[in-house]
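Atom set for the values below is all heavy atoms of this structure, side chains included, hydrogens, waters and symmetry mates excluded. This is a predicted model, so every value here is computed, not measured.
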Amino acid sequence: MGHTQIWWIRRDIRLQDNQTLDAARQNADFLIPLFIIEPELMQQAAPKRRDFILAALADLDRQLRDLGSRLIVRQGPAQQALQALSTQLGEISLFAHEDYSPFARQRDLNVSQFFPIHHPEGVTLRHPSAILKDDGNPYTVFTPYKNKWYESPIPTPADCLPAPNSLPPLPQGLDAGQLPEAQASEHFPATSDEAQSRLQTFADDGIQRYQSLRDRMDLDGTSRLSPYLRFGLISIREAFVEAQIAYHQSKTTKQRSEIRTWMDELVWREFYTAILYHFPNVMRGAFREKYQNIQWRNAPDDLQAWQDGKTGYPFVDACMRQLAHTGWMHNRGRMIAASFLTKDLLINWQEGEAWFMANLVDGDPAANNGGWQWSAGTGTDAAPYFRIFNPVLQGQKYDPEGDYIAHWVPELKHLPVKFRHEPWKIDPAEAKKYGFKYGSDYPKQIVDHKFARQRTLKAYSEAKDSFFENQEG
DNA sequence: AGGTTTTTGAA
DNA sequence: TCAAAAACC
């Protein structure tokens, strides 16, 4: 009987540049590429996210078969699945990349009581504990974190691990298990080829205009790589390496700045991963205590209208419908939708955080929580609470022709640009010309922005004042 | 990674 | 009188 090693696949669904696979196949007589379908995945993950993972695994299975292996699937909980394998196979060695979310850490702690886990890195480029202030404490402000982060070198292509061209065999007589059927996404095909092609296309071209175009909702200015990074169809190292190549090839300061802006976004990903790692309580409430007791409104109908994309604010509704339909939302859209829920509707950001996790194909607890707390003004390095987006001005600025609105809110697409942004301003007689009736073809505003703005400034300032009063008393 | 109101200073 | 800048939220 030889030595069996398990590559426990989590968010590293790839063969290339995979430190965990690389470690697991060394000195292995048998290698099991294992995915454990944990109850949390099937019950709690957004359907589109679950489908993305399952489709990516099916694609990985095809690649593994080309190498004479195949994907082995088990039902969770993880510890039971591993116990069963160990009973069947005898001694096993377990390799799984270190993951940093509270759920993953607790699970790995439980499992490691029974099976020691070899824990290569790879989810981030720098370990959350690798970037600390000189006094040893974690950063809570992005800019100094970023400066420290960039002090270490960015990897080069030579640092990336090639996909193996052979793998140790599977043990005899092992049941492969079965992946549930997944619905394929037309917007995010979950294959390795698609991931590589998106990265290459973006690194060759779009990255050079990223800074200039990234906020335009009507253009394809972003990489749309988030789900592929989320589940490791490409590695974060590959992403940085490709960006760094483009950076070194660029001729002008302007071009370098465009590229650097994209790299900074990847550093935000590392930053929020580190924040959740060091401050797991952010999952339960405001990072900044003085905003823990904001008097949020309990307004289920307003929440529902926001979720359905029927707030009567076309830009917000377009964002929310894009999310529901594709499982993805533009980053600026996320900020605007979040500002609207928290500042215009004065609904607890945790409602929005949950809705995004229930719908996003790229939903990641660290990035999602960080983004929501930033938007709500309750987080580390957050937007100041008085920074309240005006949903109309944002639309006019970042969707100047109203094309994005027209696509996702088609009931407005026959209106002139001005009225796509402000359908309430159209004269009923003129509306008739376009076969449009405000209030029935498209909902009326569920809240007046100007009024809502004052309400929110008051609520935040009261929360802050009462916090400081309680502190003194 | 903003918006709104007030002030300023050049027509 | 108006647009840009500054101040404030």
Side-chain angles (χ1 to χ4, degrees), chain A residues 139-147 149 207 209-219 221-223 226 257-272 275 287-288 290-291 294-295 311 313-316 319 329-346 349 352-353 356 362 364 366-400 404 421-422 445 447-468:
Chain A
Y139 287 97
T140 58
V141 179
F142 177 67
T143 304
Y145 172 87
K146 180 182 75 171
N147 293 337
W149 193 99
I207 198 170
R209 288 178 302 283
Y210 178 75
Q211 186 178 35
S212 305
L213 298 187
R214 65 183 178 139
D215 284 325
R216 283 289 293 270
M217 301 287 289
D218 53 336
L219 305 174
T222 69
S223 68
S226 52
S257 153
E258 298 274 344
I259 294 163
R260 183 64 177 249
T261 301
W262 190 67
M263 295 169 82
D264 288 352
E265 296 302 318
L266 300 183
V267 179
W268 273 104
R269 177 183 179 275
E270 309 251 316
F271 176 66
Y272 281 139
I275 291 293
F287 177 83
R288 290 154 66 159
K290 61 181 169 179
Y291 296 128
I294 294 167
Q295 294 302 301
T311 66
Y313 283 85
F315 202 47
V316 174
C319 292
M329 197 195 292
H330 194 288
N331 180 56
R332 174 146 298 272
R334 297 186 199 201
M335 292 194 280
I336 292 160
S339 177
F340 191 83
L341 184 75
T342 55
K343 310 272 174 86
D344 282 75
L345 299 179
L346 198 57
W349 58 269
E353 181 192 22
F356 272 28
D362 61 27
D364 171 74
N368 191 48
N369 180 276
W372 274 95
Q373 294 231 34
W374 183 88
S375 293
T378 61
T380 59
D381 202 18
Y385 73 83
F386 48 77
R387 185 179 288 164
I388 297 171
F389 285 28
N390 179 320
V392 176
L393 292 180
Q394 288 284 313
Q396 289 166 341
K397 192 167 173 187
Y398 298 115
D399 181 26
Y404 176 75
H421 290 292
E422 301 175 285
Q445 299 170 329
V447 67
D448 174 67
H449 175 68
K450 201 169 174 183
F451 159 80
R453 186 170 180 278
Q454 293 307 319
R455 178 172 68 184
T456 286
L457 290 173
K458 187 157 167 282
Y460 273 72
S461 120
E462 282 173 359
K464 191 160 52 99
D465 291 347
S466 84
F467 173 79
F468 287 122

Just the rounded figure in Å: distance from [atom2] of [N] to [atom1] of [X].
X	N	atom1	atom2	result
A:W374	B:dG2	CH2	P	7 Å
A:F340	B:dG2	CZ	C1'	17 Å
A:Q396	B:dG3	CD	P	11 Å
A:Y210	B:dA1	OH	P	12 Å
A:L393	B:dG2	CG	P	12 Å
A:W262	B:dA1	CH2	P	19 Å
A:Y460	B:dG3	OH	C1'	15 Å
A:I388	B:dT4	CD1	P	9 Å

Name all residues meeting the salt bridge (charged side-chain N to carboxylate O under 4.0 Å, His left out) criterion together with [X]; count only those two or more places apart in sequence or in a different chain, and write none if there are none.
X	value
A:E270	none
A:R269	none
A:K290	none

What do you reckon, are the aromatic ring centroids of A:F389 and A:F340 less than 6.0 Å apart? no
Could you list all the salt bridge (Lys or Arg N to Asp or Glu O under 4.0 Å) pairs where at least one residue sits in residues 331-343 of chain A, not counting sequence neighbours? A:D215-A:R332, A:R334-A:D362
Just checking A:Y398: base, sugar-phosphate only, or nothing, at a heavy-atom cut-off of under 4.0 Å? sugar-phosphate
Check the phosphate of B:dG3 against A:Q394, side-chain N and O only, distance under 4.0 Å to OP1 or OP2. Yes or no? yes
Using only side-chain N and O atoms of A:N390, determine if any of them is under 4.0 Å from OP1 or OP2 of B:dT4. yes
When you compare the protein's N or O atoms with those of nucleotides 5-9 of chain C, which come within less than 3.5 Å of each other, and at what distance?
none

For the ring pair (Phe, Tyr, Trp, His ring centres under 6.0 Å) test, which of A:F287, A:W349, A:F356 pairs with A:W372? A:F356
Per the side-chain hydrogen bond (donor to acceptor under 3.5 Å, both in side chains) rule, what does the pair list look like for residues 375-388 of chain A, sequence neighbours excluded? A:Q373-A:T378
